[in-house]
Structure formats: structure tokens, C-alpha cells
Peer 1: 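A single structure is presented below for examination.
This structure is a prediction, so every number in the text was calculated from the model and none was measured.
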Amino acid sequence: MRAMVLRRLGEVNADRELIEFARLPVPEPVERELLIMVSACGVCHTELDEIEGRTPPRHLPVILGHQVVGRIEKMGVEAGTFHTGDRVGVGWFYSSCGQCRYCLDGNENLCPEFRATGRDANGGYADYMLIPESSVFPIPDVFTDTQAAPLLCAGAIGYRSLRLCNLREGQSLGLTGFGASAHLVLQMALHRFPNSPVYVFARSERERQFALELGATWSGDTEEKPPDGLDAIIDTTPVWKPIVEALKNLHPGGRLVINAIRKEKSDLKYLLNLNYARHLWMEKEIKSVANVCRNDISEFLQLAAQIQLQPEVEEFPLEAANQALLELKSRRIRGAKVLKIA
């Protein structure tokens, strides 16, 4: 099978390609595993974090990719939930222990033995991949394979972030950064809270215009002051500056939800501008998001089909994975980038 394999860590740039094309044997499913023939795999910021060592794989080499859509090719002898030929999706959640207090409470994303698809086990930058059947989800018919791919992470993590905002009808929502996840959150928010204005903050004029096209009430640069204060803000950026600016725009008692796996050290200087009375006082909250649970993916896919969510996607062939990642890092973004494989 064809695969794009990460063999060493390093900085993603135009001078070198860290993911290498390879031909590997097709793996065999055992016990409750499924062999999936991959048709599409989304490209995520988290892959940049894996390659550049901020959330490194447990072992190298590894096949990246955790927004996977495909069809079941073969089943382990103990698998029985699905059938061969079923169209299914795989997200960041690969497995957990199933026995700790977090798993028993439905928060398996916090499990000490949490394993991630495409980081701790081979993912979807390949023709085939293995996955436990408990971590597989049916894909609604209303989506094409490439449309469905970003729903498995960008959409599901956005769904969890929106839920963690504790937003009520009529309250205002802010989105800082407007890439693969935020453009789906905006559509969800407009459906679930039709009387709640949504304000979008983005560095790129192209992204700000895209937000307005999708129905945002207002869009502006990161440092611009919105027309009104905000009750909740979701941050999807890899930097600290939007955090400081977001806290400044929150109403008393407002909540900032940080949907990012890392923040760059290069702009830590902005934290020096953090003033307790101006930014944090009046019972403002900061909440982080740690991955997704299986229920997040299952519930979100149902919601996405119900409201006929429209992901904006840009397709690349499997062999162009390095190009897609470089464009993602360079913020050449409109919606989500997806590898079209089969």
C-alpha cells in the first residue's frame, strides 16, 4: 500500500520534506480491529505539532492522519458491530484503558492511557489503516468522503468547544482564528443559537471575509474592538496574543475556551501585557479543551447531518501531504485541507 511516513521530527518548511512516500504491506486486523480502505484524510494543525515535536509520536516511523473516511475492507475475528463495505470515519481518539474513572465517566479523552490516531498508532495518510471497532463511526450519507473528513476532528473538537462555552440563546460568541474548526463552529452556533451574534477575529482579510459570507455578525483583526462585549470566546490559534485580546473583550462572568493543543513560545511577550484587573477580574473563566471523546464525534456527526453542515474543503493527492502541511503552517487557509486517497 502507499503511505506517507514520518521518520524524523523537525521544523516544517519549504526546504525539506519530513514526510516520505513509502510502499508498505497492507496490515491484517486481529480480534476487534477493522481494516479500513482510506478514501480521504483531513490535514490538521495537530500534525504540525507532532512533526515539530510539541506532541511527539510515541515511536517513529509513524503514519500521521486522524480525520479519516473510508470503507471497511476486512474485520478481525471478534469484530461484529459493522459489516465489510460500510463507510465509516475515524477521529483523534484511538483507544483508552476503559476502566479508569475518566473512562467510566465518559471522559476517556482524559485517560492516562489515551492513545491518539496518527500519533500513537498509524493513521490515515495511507491506502489502509487499522482501528479498534469501538473507535469507528458511521458517516451520514449527506456528506461526500472529502466533506466528511474534517468533521472527524475539526468539527468534533469545535462541537466540544461550543458545548464547553455554556452559551445560552441570545448571548454573544467570539471566535479567534478562522480555519478548519472555527468555520464549522460558526455554522453550528448560527443553527443552535439563532439569536446569538457571532464575532470573528482573524489576521487574514480573506478569512474575515469568509466569516462574513458564512453569516458572522462582525469580523475584525485580532486587536480590533468588537461592537459589543462577548459572553464566550473560542480560541483556535497557536499563539498567545489572541488570548490576551480575548480576555479583554469578555463580559464579567464570561468564559474563554482554548481549543488548541499548544501555544508558540515566540510570542510569550504578550503575556507580559496581561493585567489582572483588566483581563481576568470579575469572575472571567479560562477553560482548555483536551481532545475529543467518542460521544463528541457520534453526536456531532448526527447534528452535522441534521443541519446539513457545509465544510469548505481543498483537496490534495496523498503524495502532496507535505505541501498541504506547509500551506497550513503558512496560514494559506480557507476551510479545511483534505488528502484525497482512494
Peer 1: Scan the side chains in residues 21-31 for donor-acceptor partners under 3.5 Å anywhere in the protein, sequence neighbours excluded, and list what turns up.
Peer 2:
from : atom 1 : to  : atom 2 : distance (Å)
E28  : OE1    : K74 : NZ     : 2.8
E28  : OE2    : K74 : NZ     : 3.2

Peer 1: Report the distance from atom CZ of R87 to atom OG of S39, rounding to the nearest 0.5 Å.
Peer 2: 7.5 Å
Peer 1: Supply the atom-to-atom distance M282 CE to L250 CG, rounded to the nearest 0.5 angstrom.
Peer 2: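 M282 atom CE to L250 atom CG measures 12.5 Å (nearest 0.5 Å).
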Peer 1: Would a distance-only check, ignoring hydrogens and angles, find a side-chain to backbone donor-acceptor pair under 3.5 Å from S219 to V200?
Peer 2: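 Judged by distance alone, no pair lies under 3.5 Å.
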Peer 1: Return each pair, listed once, that meets salt bridge (Lys or Arg N to Asp or Glu O under 4.0 Å) where at least one residue sits in residues 156-172; pairs must be two or more places apart or across chains.
Peer 2: R160-D296, R163-D296
Peer 1: Angle between ring planes, F178 versus F210, binned at 30° and 60°: parallel, tilted or perpendicular?
Peer 2: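 Perpendicular, since the angle between the ring planes exceeds 60°.
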Peer 1: Supply the atom-to-atom distance T117 OG1 to L130 CG, rounded to the nearest 0.5 angstrom.
Peer 2: 11.5 Å
Peer 1: In plain terms, say whether D145 and K340 are close enough for a salt bridge, that is, a side-chain N and a carboxylate O under 4.0 Å apart.
Peer 2: no
Peer 1: Within the 4.5 Å heavy-atom criterion, are K329 and E11 side-chain neighbours or not?
Peer 2: yes
Peer 1: Return the orientation label for the F114 and W92 ring planes: parallel under 30°, perpendicular over 60°, tilted otherwise.
Peer 2: tilted
Peer 1: Report yes if the side chains of I307 and Q187 come closer than 4.5 Å at any heavy-atom pair, otherwise no.
Peer 2: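 Sidechains of Q187 and I307: no contact.
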Peer 1: Let me confirm one number: the OG1-CG distance from T84 to L35, rounded to the nearest 0.5 Å.
Peer 2: 11.0 Å
Peer 1: Check the pair E245 / T176 against side chain to side chain contact (heavy atoms under 4.5 Å, CB included), numbers first and verdict last.
Peer 2: CA-CA 9 Å; E245 296 298 325; T176 62; over 6 Å; no
Peer 1: So do the side chains of N109 and N107 get within less than 4.5 Å of each other, counting heavy atoms only?
Peer 2: yes
Peer 1: Should Q67 and P150 count as side-chain neighbours, where that means a heavy-atom distance under 4.5 Å?
Peer 2: yes
Peer 1: Out of E312, E47, E327, which residue meets the salt bridge (charged side-chain N to carboxylate O under 4.0 Å, His left out) rule with K337?
Peer 2: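 The salt bridge (charged side-chain N to carboxylate O under 4.0 Å, His left out) with K337 is passed solely by E327 among E312, E47, E327.
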Peer 1: Under the criterion salt bridge (Lys or Arg N to Asp or Glu O under 4.0 Å), I'd like the reasoning laid out for R8 against E20: C-alpha separation, chi angles, the key distance, then a yes or no.
Peer 2: CA-CA 10 Å; R8 66 191 187 280; E20 302 174 5; 3.2 Å; yes
